[in-house]
*Asks:* 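Take this structure first; my questions come after.
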Amino acid sequence: MDNLAASILDHLWKDYLKTTPQAAEVHALFKARGETVVNDHIALRTFNRPSVSVDRLAEPFLTSGYVPSGEYRFQQKKLFAKSYSHPTLPRVFISELLLEQFPDSVQRICQALVDNLSTWAPEQLLTQQPTWAPVTLETYQELLGHSEYAAWLAAFGIRANHFTVQANALTTFEDIAAINTFLMGEGYELNGAPPHIQGTPEQGLVQSSTKASWIEWPFANDVTHKIRSCYYEFAKRYPVHGSQTPYDGFIADSADQIFESTNVTQ
Ligand code: NI
């Protein structure tokens, strides 16, 4: 049945808006232009440990009618990812950090976070935030020295890292460049160097994203600290290889760049 995935996505959207105030603002700006915002995909982050792996988190989506649409490797970021598609619901992109490629200290910290989750059902992992007790600011900063992804995941737990506006469904924007011009005019900072665009129509997927929101985030011992949370993404899909329908997958190189959007050092 479709309902399980739909209710998980609805929960993740509400949770995402709490950590990403700019998403609600941008959503409202588009609506004010008469647009109906359609979600192209959501991105989830996790560790490659059996209790929380990509395959585990994918279970409720697969039982809800999703089918696998691609696998991706990000050498530099030490990630593996899979994407899933559904006839009527947004695509789901799930990546996992390849912990064995990191020093023992990083592996120990991340393993300790997932140790308590072995009895959690996949639906619970996707809908029960926070996933684990707050880490210390020192732990966050130590992870940040090795991997922005690890630090983000330790701080925020399992939740949507971004939602994505499907540009194909918009009627008042020609392309991603037009969306970028609009967003910059509204005062939003975009990820990457000008023209702030990843991918090409020939590759099937053109994307841009806002820089992640800064929010005051609670760490252990009653410490709060301003860190970057989540971002909003924009994607336009094009047919490739003579197909009549837009490309359904993702592009590893493009995503490798877009992961930079939560980079706190930018
Ligand atoms: Ni994305």
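In this chain, numbering begins with 1 at the start of the sequence shown. Remember, it's 1-based here, ligands and their atoms both numbered in the order they're listed. All values below come from the heavy atoms of this structure, side chains included, with hydrogens, waters and symmetry mates left out.
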*Asks:* Could you check which N/O/S atom of E233 is closest to the Ni ion (ligand 1)?
*Replies:*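 The nearest such atom is OE1.
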
*Asks:* If you take the centroid of each ring, where Trp contributes its six-membered ring, are Y149 and W152 closer together than 6.0 Å?
*Replies:*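 Aromatic pair excluded; centres sit 6.0 Å or further apart.
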
*Asks:* Please check if atom CD in E189 has more than 12 non-hydrogen atoms from other residues, nucleotides or ligands closer than 6.0 Å.
*Replies:*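 It does not: E189 CD has 12 such atoms or fewer within range.
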
*Asks:* Begin from the C-alpha positions of N48 and E100 and carry the test side chain to side chain donor-acceptor pair (under 3.5 Å) through to its verdict.
*Replies:* CA-CA 9 Å; N48 69 336; E100 63 280 359; 3.0 Å; yes

*Asks:* Flag the pair Y84 / Y66 as yes when their ring centroid distance falls below 6.0 Å, and as no otherwise.
*Replies:*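 No, the ring centres sit 6.0 Å or more apart.
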
*Asks:* Do you know which N/O/S atom name in H41 is closest to the Ni ion (ligand 1)?
*Replies:*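 Of the nitrogen, oxygen and sulfur atoms in H41, the Ni ion (ligand 1) lies nearest to NE2.
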
*Asks:* Examine all N, O or S atoms of D40, backbone included, and report whether one is under 2.8 Å from the Ni ion (ligand 1).
*Replies:*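 It does not: D40 brings no N, O or S atom closer than 2.8 Å to the Ni ion (ligand 1).
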
